Amino acid sequence: MESFRDYSSKEGRVANTYKMNHRFQTVEYVTEKLASLKNRLRTGRKTMNIWEAIDSLEKCIDDSDPDTDQTQIYHAFQTAEALRAKYPKKEWLPLVGLIHDLGKVMMLPEYDNEPQWSAVGDTYPVGCEYSESVVHYDFFQYNPDFNHELYSTKFGVYLPHCGLKNVKFSYGHDEFMYLVLKNSGCTIPQVGLDIIRLHSFYAWHSHDAYDHLMEASDVELKKWVKKFNKCDLYTKHEENPDVESLKPYYQGLIDKYFPNQNLVWG
């Protein structure tokens with residue numbers, strides 16, 4: 001099988017992105033970023049529709065991804081089409097595949113101009129002990145929260161089995177897109193929105209870390225995230241989909257699940 005997610009190198013663009021991420025993603029930083037985004041979503045400063053956001057992905061390269069250096073638009077359609085083929089009765093799922101990485105537009109100068117370390121890469125809870133399952137765990141030693149009296153404990157600021165909906169994650173495109181969609185009034189099922197929020201939480205859905213923070217409903221959610229991940233991760237290849245021929249099908253899904261197609265992006 002082709003190898004994916006090889007993070008063995010401690011040098012280069014991928015490792016450097018994680019080094020910065022693990023150093024600067026503190027509880028204080030994440031709290032401030034979330035508060036700022038929620039305030040901007042209320043004021044409606046920046047708006048665009050789904051296709052404008054997808055077109056913007058042409059300019060996005062994910063420096064945390066060791067598996068591809070393609071622009072993100074092709075990965076969006078690869079994931080969507082894989083889900084469409086595998087789960088034909090879940091018509092909302094290919095749409096989730098199409099838009100799951102749209103939050104990466106936050107890196108572009110015309111949007112938030114977020115640095116790569118604040119937009120991409122695996123996500124993880126802040127405010128509690130870091131799991132050694134997180135990619136490049138050793139870089140956490142540079143984070144001020146690493147030896148914090150409370151944040152370095154197993155549960156940290158959380159209660160046992162508090163539920164992932166109550167957990168604060170490292171800031172990036174997952175949480176960004178989740179909040180944009182929640183604010184949009186779209187009718188994608190909650191499980192689809194949760195997939196978008198948690199699809200980069202590999203320590204949890206691939207290594208079973210942080211299960212002590214799960215509530216009962218998160219058990220079923222993890223199953224869905226795992227299904228999604230197989231179509232997300234293992235469709236990264238060099239054969240690009242015919243985007244223009246696929247657009248009419250996905251426009252139909254957008255029409256159905258987005259009553260208001262002009263979304264606020266902060």
Side-chain angles (χ1 to χ4, degrees), residues 41 44 46-62 65 67-112 114 119-120 172-200 224-225 227-266:
L41 289 175
K46 298 175 184 175
T47 61
M48 62 178 168
N49 62 40
I50 295 292
W51 290 118
E52 289 171 328
I54 290 173
D55 288 342
S56 294
L57 287 182
E58 285 275 14
K59 296 176 282 185
C60 293
I61 298 291
D62 184 342
D65 190 345
D67 299 323
T68 182
D69 57 4
Q70 288 183 318
T71 55
Q72 294 294 297
I73 189 170
Y74 294 118
H75 172 56
F77 279 95
Q78 287 168 348
T79 303
E81 283 297 281
L83 290 163
R84 180 183 176 188
K86 195 163 187 177
Y87 304 102
K89 295 183 179 180
K90 301 288 185 182
E91 68 171 4
W92 53 268
L93 197 52
L95 179 59
V96 168
L98 183 70
I99 67 175
H100 76 285
D101 275 344
L102 285 191
K104 290 180 181 179
V105 299
M106 67 196 298
M107 296 186 292
L108 299 176
E110 58 266 40
Y111 301 113
D112 277 9
E114 288 286 347
V120 298
H173 72 278
D174 310 69
E175 193 77 31
F176 176 90
M177 192 62 201
Y178 175 80
L179 291 174
V180 167
L181 292 172
K182 290 291 285 186
N183 185 66
S184 74
C186 75
T187 59
I188 294 173
Q190 183 61 44
V191 64
L193 301 180
D194 290 336
I195 287 171
I196 289 173
R197 181 175 185 246
L198 300 173
H199 76 272
S200 298
W224 274 108
V225 177
K227 291 175 182 178
F228 178 88
N229 176 249
K230 289 180 180 179
C231 294
D232 178 18
L233 178 61
Y234 298 112
T235 56
K236 295 176 182 177
H237 48 70
E238 297 305 313
E239 184 178 345
N240 295 331
D242 185 350
V243 171
E244 290 303 316
S245 70
L246 294 173
K247 279 187 175 181
Y249 173 77
Y250 287 98
Q251 182 60 58
L253 295 182
I254 292 170
D255 290 341
K256 180 172 182 177
Y257 289 98
F258 284 89
N260 178 11
Q261 297 185 15
N262 200 33
L263 280 62
V264 176
W265 297 77

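Count residues from 1 along the sequence. The model shown is predicted, which means the values in this text are computed figures rather than measured ones.
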Qualifying residues under side-chain contact (heavy atoms from CB on, under 4.5 Å), relative to N262, sequence neighbours excluded
T47, N260

Side-chain heavy atoms of I54 within contact of Y250, under 4.5 Å:
no

Please report the shortest heavy-atom distance between P241 and Q78, naming the atom on each side.
CD-CG, 4.0 Å

When rounded to the nearest 0.5 angstrom, what is the spacing between NE2 in H173 and CE in M107?
8.5 Å

Got L41 and K182 here, is their nearest side-chain heavy-atom distance under 4.5 Å?
no

Judged by atom type as modelled, is there a donor-acceptor pair below 3.5 Å linking the side chain of K46 to the main-chain atoms of Y111?
yes

For the residue pair Y87 and L93, what are the closest heavy atoms and their distance?
CD1-CD2, 3.6 Å

Between V264 and G44, the two heavy atoms sitting closest are CG1-CA, 3.4 Å

Before giving the answer on side chain to side chain donor-acceptor pair (under 3.5 Å), spell out for Q261 and W51 the whole-Å C-alpha distance, their side-chain angles and the decisive distance to 0.1 Å.
CA-CA 9 Å; Q261 297 185 15; W51 290 118; over 6 Å; no

Ignoring hydrogens, what is the shortest heavy-atom contact between A82 and C231? Give both atom names and the distance.
CB-CB, 3.8 Å

What's the separation between atom CG in N229 and atom CH2 in W224, rounded to the nearest 0.5 Å?
14.0 Å

CD on Q190 to CD1 on I195, rounded to 0.5 Å
10.5 Å

Please evaluate residues C186 and L193 with respect to the criterion side-chain contact (heavy atoms from CB on, under 4.5 Å), reporting the C-alpha separation (whole Å), side-chain torsions for both, the decisive distance (0.1 Å), and the verdict.
CA-CA 10 Å; C186 75; L193 301 180; 4.1 Å; yes

Roughly how far, to the nearest 0.5 Å, is CG of N240 from CZ of F77?
11.5 Å

Can you check whether N49's main-chain N or O pairs, donor with acceptor, with E52's side chain at less than 3.5 Å?
yes

With no hydrogens and no angle check, is any side-chain donor or acceptor of W265 less than 3.5 Å from a backbone partner on M48?
yes

Side-chain contact test, heavy atoms from C-beta onward, threshold under 4.5 Å: evaluate it for V180 versus L102 and give yes or no.
no

Check: N183 and L263 side chains under 4.5 Å, non-hydrogen atoms
no

Show your working on side-chain contact (heavy atoms from CB on, under 4.5 Å) between D194 and Y178 and close with a plain yes or no.
CA-CA 7 Å; D194 290 336; Y178 175 80; 3.8 Å; yes

Just verifying a value: how many Å separate I50 CD1 and L95 CG, rounded to the nearest 0.5 Å?
7.0 Å

Heavy-atom closest pair, residues L83 and G97
CD1-CA, 3.7 Å

Residue pairs meeting salt bridge (charged side-chain N to carboxylate O under 4.0 Å, His left out), one or both in residues 84-95, sequence neighbours left out, come to E81-R84, E91-K256

Enter the distance from I188:CD1 to I99:CD1 here, rounded to the nearest 0.5 Å.
4.0 Å

Taking it one step at a time, do K59 and V105 satisfy side-chain contact (heavy atoms from CB on, under 4.5 Å)?
CA-CA 8 Å; K59 296 176 282 185; V105 299; over 6 Å; no

Sub-3.5 Å donor-acceptor pair from the side chain of H100 to the main-chain atoms of I196, do we have one?
no

If you look at every heavy atom in D55 and K247, which pair is closest and at what distance?
OD1-NZ, 4.0 Å

